[in-house]
Amino acid sequence: MSPITEVEGRRLSLTNLDKVLYAETATTKGEVLHYCTTVAGPLLAQLQDRPLSFLRYPDGPEGQRFFTKNVPPGTPSWVKTCEVPHSTSGPARQVLLQDLPSLVWAANLVVELHTPQWRCQDPGVADRLVLDLDPGAPASIVECCTAAQWLHDRLAADGLEVYAKTSGSKGLHLVAPIEPAPSERVTAYARTLAVEAAADLPELVVHKMTKSLRPGKVFIDFSQNAAAKTTAVAYTLRARPTPTVSAPVTWDEIAECTDPRQLTFLFDEIAPRLAGHGDLLAPLLDPDRARPLPRATSPRAPGAPNRRRSTRGST
């Protein structure tokens, strides 16, 4: 019999808690569930009202992995869902994780959590801008940090605050709170930034996904702002060989990074970071931090000045 536990009045059947999911660290499913409850506060805050896409890996990252947006079979009736429009298949329902019981239920499925940049109340209207910095070997997150600092200053020049987190894989995610805007317009503006970065830093940055262009450089993926795209949410565990986390980081940490290990965080390091730094992404939840999205313009010429001077500091 699977153990039954009660979480805030909801009865849950938790399975295979002794099963090793991450062989390199001997991390069990029970430890994964414990981690999710430990970071439930900031994690749920980032998930609030955002439809979920799941990357499931029930036998660990070396086993079968599959991506799903639909509500999984057997989902309890008390787990909230929302209807999400799809351009080709028509509307579908996706899960919302709004409380601790729902989070524990999802964690029992063994999942990475991915969300769009919009909330279910306004499909396709983004309240965040995201830039995914993906290094092509032999480049690493160290090179991503250089590109991230350029983007920080460029976004600041347009009046936008930007916050950073590791992807939990190889790179960095930069996220800026914005006043609600159509995803198409956010994508166009993000593309402008990527093109400008590639022009200013041609030996470091590419804005095209073409594989032959990417070795040794940082690809700035602006396409994750599209309404149909999703990004790994902050604090989610990743389906990697070790239990790495998409972890918020400070700009001082980015400026000081000289080795990828400095910005690689395992799940048992997150609680101490929260105790020391607090939730570094909490400002994303403050509507007063949101700023209007500048209109996308033709990328400026390499070396041309930004529209406003800025000074980079810790956020």
Side-chain angles (χ1 to χ4, degrees), residues 22 24 32 35-36 39 42-43 46-47 50 52-57 61 65 67 111-117 128-152 155 162-176 190 193-194 197 204-207 209 211 214-226 229-251 253-270 273-274 277 279-281 284 315:
Y22 295 90
E24 286 192 23
V32 166
Y35 164 75
C36 289
V39 300
L43 175 53
Q46 297 298 321
L47 294 172
R50 299 185 190 274
L52 261 294
S53 298
F54 297 124
L55 175 62
R56 297 186 59 182
Y57 55 112
R65 301 190 293 180
F67 201 77
V111 292
E112 276 186 9
L113 303 172
H114 296 246
T115 64
Q117 309 314 313
R128 294 180 179 178
L129 175 148
V130 65
L131 294 167
D132 179 5
L133 280 55
D134 186 11
S140 70
I141 199 170
V142 175
E143 286 72 24
C144 290
C145 289
T146 300
Q149 292 175 90
W150 187 98
L151 288 162
H152 178 288
L155 284 158
V162 61
Y163 302 87
K165 65 185 183 74
T166 67
S167 68
S169 178
K170 298 178 294 181
L172 284 173
H173 295 157
L174 306 185
V175 189
L193 297 176
L204 177 67
V205 169
V206 294
H207 72 277
M209 193 177 291
K211 288 186 177 180
R214 294 175 61 179
K217 295 189 177 182
V218 176
F219 169 51
I220 299 178
D221 185 358
F222 57 85
S223 71
Q224 292 188 29
N225 294 283
K229 294 292 188 72
T230 61
T231 305
V233 73
Y235 301 106
T236 189
L237 272 162
R238 302 303 305 267
R240 305 288 297 171
T242 57
T244 54
V245 172
S246 180
V249 293
T250 70
W251 285 101
E253 288 177 304
I254 287 174
E256 295 165 4
C257 181
T258 57
D259 187 302
R261 290 171 294 185
Q262 293 174 256
L263 293 182
T264 301
F265 301 102
L266 300 184
F267 75 133
D268 56 357
E269 297 176 272
I270 303 305
R273 286 184 62 80
L274 283 167
H277 293 293
D279 179 9
L280 292 170
L281 297 188
L284 290 175
T315 56

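These numbers were taken from a predicted model, which means no experiment stands behind them.
- The side-chain heavy atoms of Leu204 and Trp150, taken from C-beta on, include no pair separated by under 4.5 Å.
- With sequence neighbours excluded, the residues satisfying salt bridge (Lys or Arg N to Asp or Glu O under 4.0 Å) with Arg214 are Asp134.
- In this structure His114 satisfies the ring-ring contact (aromatic ring centres under 6.0 Å, His included) test together with Phe67, sequence neighbours excluded.
- For Pro243, the side chain to side chain contact (heavy atoms under 4.5 Å, CB included) partners are Tyr22, Thr25, Thr27, Leu237, Leu266, Phe267, not counting sequence neighbours.
- Sorted by first and then second residue, the salt bridge (Lys or Arg N to Asp or Glu O under 4.0 Å) pairs with a member in residues 232-251 read Glu112-Arg238; sequence neighbours excluded.
- Checked against salt bridge (Lys or Arg N to Asp or Glu O under 4.0 Å), Arg56 has no partners two or more places apart in sequence or in another chain.
- Leu155 contributes atom CG, which lies 6.5 Å from atom CG of Leu131 (distance to the nearest 0.5 angstrom).
- By the side chain to side chain contact (heavy atoms under 4.5 Å, CB included) test, Pro215 is found to be paired with no residue, residues two or more places apart in sequence or in another chain being considered.
- Residues that satisfy the salt bridge (Lys or Arg N to Asp or Glu O under 4.0 Å) test with Arg128, not counting sequence neighbours, are absent from this structure.
- Residues that satisfy the side chain to side chain contact (heavy atoms under 4.5 Å, CB included) test with Ser246, not counting sequence neighbours, are Lys165, His173, Thr236.
- Among residues two or more places apart in sequence or in another chain, the side-chain hydrogen bond (donor to acceptor under 3.5 Å, both in side chains) test is passed with Gln262 by Thr258.
- Residues passing the side-chain hydrogen bond (donor to acceptor under 3.5 Å, both in side chains) test with Lys229 are Ser223, sequence neighbours excluded.
- Between atom CD1 of residue Ile254 and atom CG of residue Leu263 there is a gap of 7.0 Å, rounded to the nearest 0.5 Å.
- In this structure Ser53 satisfies the side-chain hydrogen bond (donor to acceptor under 3.5 Å, both in side chains) test with no other residue, sequence neighbours excluded.
- Here the OH atom belonging to Tyr235 is positioned 5.5 Å from the CG atom belonging to Leu281, to the nearest 0.5 angstrom.
- At least one donor-acceptor pair closer than 3.5 Å links the side chain of Gln149 to the backbone N or O of Cys145.
- Once rounded to the nearest 0.5 Å, the distance linking OG of Ser140 with CZ of Arg261 reads 11.0 Å.
- When all heavy atoms of Pro116 and Thr230 are compared, the pair lying nearest together is N-CG2, 3.9 Å.
- One finds the CG atom of Leu280 at 10.0 Å from the OH atom of Tyr163 (value rounded to the nearest 0.5 Å).
- In this structure Thr231 satisfies the side-chain hydrogen bond (donor to acceptor under 3.5 Å, both in side chains) test together with Gln117, Gln224, sequence neighbours excluded.
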